[in-house]
Amino acid sequence: MSNYPSRTDIVTAMRNPQVSFKSNEIIGGSVIQKGSRIIQYSGGYTTVFPFHKQTGNKVAIRLWIADIGDAKKRSLEISNYLEKLNNSYFAGFKYIDDAVLVNGTLHPIVLMDWVDGQTLKEYINSNITNTSEILGLAEKFKEMTAYFHKEKIAHGDLQHGNILVKNDGSLVAIDYDSMFIEPLNGMTDTIKGLPGYQHPARHGNQCVNPRLDYFSELVIYLSLLIYADTPKLWDDYYETEDLLFSKDDFLNPSNSKLINSHLNSTNPTISELTEKLIEELKATDIAQLRPLEDLLINKREVAKDNIFDKWDKQPNPAEKRKVSLPNKNDITNKF
């Protein structure tokens with residue numbers, strides 16, 4: 001389908017359900033309004049409406065306003081894949097063809113489970129003065145990315161608006177238009193994500209693949225550690241489209257005050273991860289990037305392992321006592 005409706009046309013159609021709704025899944029239901037205004041959330045390629053089904057269940061309806069390249073194949077494959085996976089990091093959804101009539105043309109929708117929660121930025125804003133909450137969020141985020149890697153999944157557009165923190169503190173990733181799963185191998189990488197979360201080489205990436213999230217993971221995790229360490233920074237970034245770092249920081253890291261200041265952080269984890277951020281920015285292709293768990297292998301831990309290797313090779317027990325062990329209370333062990 002080449003002709004995509006405008007947001008205005010879609011809103012007009014949603015105001016007239018008797019005429020516009022053609023799928024049994026949504027007939028009898030209604031969009032949620034605030035006064036006379038229909039609530040909608042706009043993305044680059046879609047618009048989303050909170051919706052009450054006839055049964056009273058709250059869901060979300062997504063319609064495309066621009067071409068993401070074979071939306072039907074992507075949505076059906078991802079829907080089937082995630083349904084079988086049945087994991088709480090993802091919200092259930094269903095692709096429905098010819099569901100809404102807009103300007104005389106039938107358009108497909110994605111019907112999604114509604115997730116009650118705060119976006120990543122809203123959650124940080126609510127808890128910015130609570131260091132342990134922000135560190136806890138970083139840990140949960142790290143666990144989520146490890147699960148994605150284990151299942152060979154990449155979300156493709158990890159950013160504050162696509163990560164929700166539920167009331168119980170668990171994380172849910174939403175918006176799967178740029179996702180990689182094995183059945184989509186070879187599909188075009190259309191949606192490149194927000195510049196403040198993406199490696200500059202993502203712009204030239206051709207196909208979706210398991211490495212799409214690697215740089216975003218580092219950006220989000222490091223940003224959370226920095227906010228836990230220096231909460232006063234938050235006021236400068238809450239209203240921006242970035243979490244902390246910007247496109248300009250990534251394009252010219254040597255001139256970035258933000259990067260250079262954290263390269264010299266008194267927190268060894270932050271300084272080392274900032275160093276690794278600079279290393280990753282030298283990559284000319286996202287195929288060269290490393291996952292978060294590899295980046296978190298601490299140089300001090302490697303040094304410690306090397307020490308124990310040497311111990312094993314030392315024939316003289318007296319020599320062992322001369323080796324100074326790393327401090328068990330090293331702050332890096334807390335992250």
Side-chain angles (χ1 to χ4, degrees), residues 120-121 123-146 149 158-160 163 165 169 171 194-200 213-238 240-283 288-306 326-335:
L120 192 70
K121 272 199 167 183
Y123 185 85
I124 295 170
N125 195 53
S126 301
N127 294 280
I128 190 60
T129 57
N130 189 333
T131 300
S132 63
E133 282 292 330
I134 303 301
L135 289 178
L137 178 61
E139 187 63 26
K140 287 172 187 171
F141 176 74
K142 183 177 74 173
E143 289 167 3
M144 181 176 79
T145 62
H149 301 160
L158 282 181
Q159 42 106 331
H160 57 268
I163 301 168
V165 186
L171 302 185
L194 293 179
Y197 289 85
Q198 296 298 328
H199 193 284
D213 293 339
Y214 285 3
F215 190 72
S216 309
E217 294 166 3
L218 172 58
V219 168
I220 293 169
Y221 186 76
L222 176 56
S223 298
L224 291 172
L225 296 192
I226 289 171
Y227 283 132
D229 192 66
T230 320
K232 67 177 188 289
L233 278 174
W234 179 246
D235 289 343
D236 296 333
Y237 294 95
Y238 181 46
T240 71
E241 273 298 281
D242 305 323
L243 185 57
L244 178 59
F245 299 99
S246 71
K247 173 186 172 184
D248 292 338
D249 292 318
F250 302 151
L251 289 173
N252 202 343
S254 59
N255 283 350
S256 164
K257 287 181 182 175
L258 192 61
I259 288 176
N260 285 309
S261 66
H262 291 100
L263 197 55
N264 301 312
S265 171
T266 54
N267 181 317
T269 308
I270 289 173
S271 59
E272 187 164 315
L273 280 181
T274 305
E275 191 180 319
K276 288 178 177 176
L277 179 76
I278 295 169
E279 288 171 14
E280 295 301 277
L281 284 167
K282 292 174 184 172
Q288 299 160 355
L289 300 177
R290 294 169 287 176
L292 184 59
E293 57 265 26
D294 287 6
L295 297 172
L296 287 171
I297 297 172
N298 194 292
K299 286 176 183 172
R300 294 166 190 80
E301 293 298 315
V302 173
K304 184 168 71 175
D305 290 343
N306 290 341
N327 181 354
K328 288 181 182 175
N329 295 320
D330 190 322
I331 193 168
T332 55
N333 291 334
K334 294 179 184 176
F335 297 117

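This chain uses plain numbering: 1 for the first residue, then up along the sequence. Because the structure is a prediction, the values reported are computed rather than measured.
- Between L273 atom CG and L218 atom CG the span is 6.0 Å, to the nearest 0.5 Å.
- Formation of a donor-acceptor pair under 3.5 Å by the T230 side chain with backbone atoms of L233 is not found in this model.
- Across all their heavy atoms, L281 and H199 have their closest contact at CA-NE2, 3.5 Å.
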Might you work through the side-chain hydrogen bond (donor to acceptor under 3.5 Å, both in side chains) test for D249 and S246, ending with a clear yes or no?
CA-CA 5 Å; D249 292 318; S246 71; 3.2 Å; yes

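- Residues K276 and L292 are not in side-chain contact: their nearest non-hydrogen atoms beyond the backbone lie 4.5 Å or more apart.
- Nearest heavy atom pair, residue A283 against residue L289, reads CB-CD2, 3.8 Å.
- At least one side-chain heavy atom of L296 sits less than 4.5 Å from a side-chain heavy atom of Y221.
- E217 CD to E293 CD: the interatomic distance, rounded to the nearest 0.5 Å, is 7.0 Å.
- Evaluated for a side chain to side chain contact (heavy atoms under 4.5 Å, CB included) with I220, the options F141, F245, F215 yield exactly one hit, F141.
- Within the 4.5 Å cutoff, the side chain of P231 has no heavy atoms near those of the T129 side chain.
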Just do the side-chain contact (heavy atoms from CB on, under 4.5 Å) check on Y237 and L258 with the steps written out, would you?
CA-CA 12 Å; Y237 294 95; L258 192 61; 3.9 Å; yes

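- A distance of 7.0 Å separates CD of Q159 from CD of E241, quoted to the nearest 0.5 Å.
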Checking K142 against E139 for the salt bridge (charged side-chain N to carboxylate O under 4.0 Å, His left out) test, could you report, in this order, the C-alpha distance in whole Å, the side-chain angles of both residues, the deciding distance, and whether it holds?
CA-CA 5 Å; K142 183 177 74 173; E139 187 63 26; 3.4 Å; yes

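- Surrounding CD of E143 are more than 12 heavy atoms belonging to other residues, nucleotides or ligands, all under 6.0 Å away.
- The shortest non-hydrogen separation linking V219 to S223 is O-OG, 2.6 Å.
- Closest approach of N260 to P253, counting heavy atoms only: ND2-O, 3.8 Å.
- Legend: residues meeting ring pair (Phe, Tyr, Trp, His ring centres under 6.0 Å) with Y214, ordered by chain and number and at least two apart, are H149.
- With N127 contributing its side chain and Y123 its backbone, the two residues share a donor-acceptor pair below 3.5 Å.
- Between D229 atom CG and T131 atom OG1 the span is 8.5 Å, to the nearest 0.5 Å.
- Inter-residue side-chain proximity for S256 and D248 is flagged as unmet; no heavy-atom pair is nearer than 4.5 Å.
- Partners of E133 under the salt bridge (charged side-chain N to carboxylate O under 4.0 Å, His left out) rule, at least two apart in sequence or in another chain, do not exist in this structure.
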Taking it one step at a time, do L244 and L224 satisfy side-chain contact (heavy atoms from CB on, under 4.5 Å)?
CA-CA 9 Å; L244 178 59; L224 291 172; over 6 Å; no

Could you walk me through whether F250 and E280 satisfy the side-chain contact (heavy atoms from CB on, under 4.5 Å) test, starting with their C-alpha distance in whole Å, then the side-chain angles of each, then the deciding distance to 0.1 Å, before giving a yes or no?
CA-CA 10 Å; F250 302 151; E280 295 301 277; over 6 Å; no

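- When all heavy atoms of A138 and L225 are compared, the closest pair comes out as CB-CD2, 4.1 Å.
- No donor-acceptor pair closer than 3.5 Å links the side chain of N264 to the backbone N or O of S271.
- Annotation for K140: atom NZ counts as buried by contact number, over 12 foreign heavy atoms lying within 6.0 Å.
- Note that CG of L243 is 6.5 Å distant from NZ of K121, once rounded to the nearest 0.5 Å.
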Given the rule in the side-chain contact (heavy atoms from CB on, under 4.5 Å) test, do H160 and Y197 qualify, once you have shown the distances and angles that lead to the verdict?
CA-CA 9 Å; H160 57 268; Y197 289 85; 2.6 Å; yes

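- Here CG of L137 is found 6.0 Å from CG of L171. Values are rounded to the nearest 0.5 Å.
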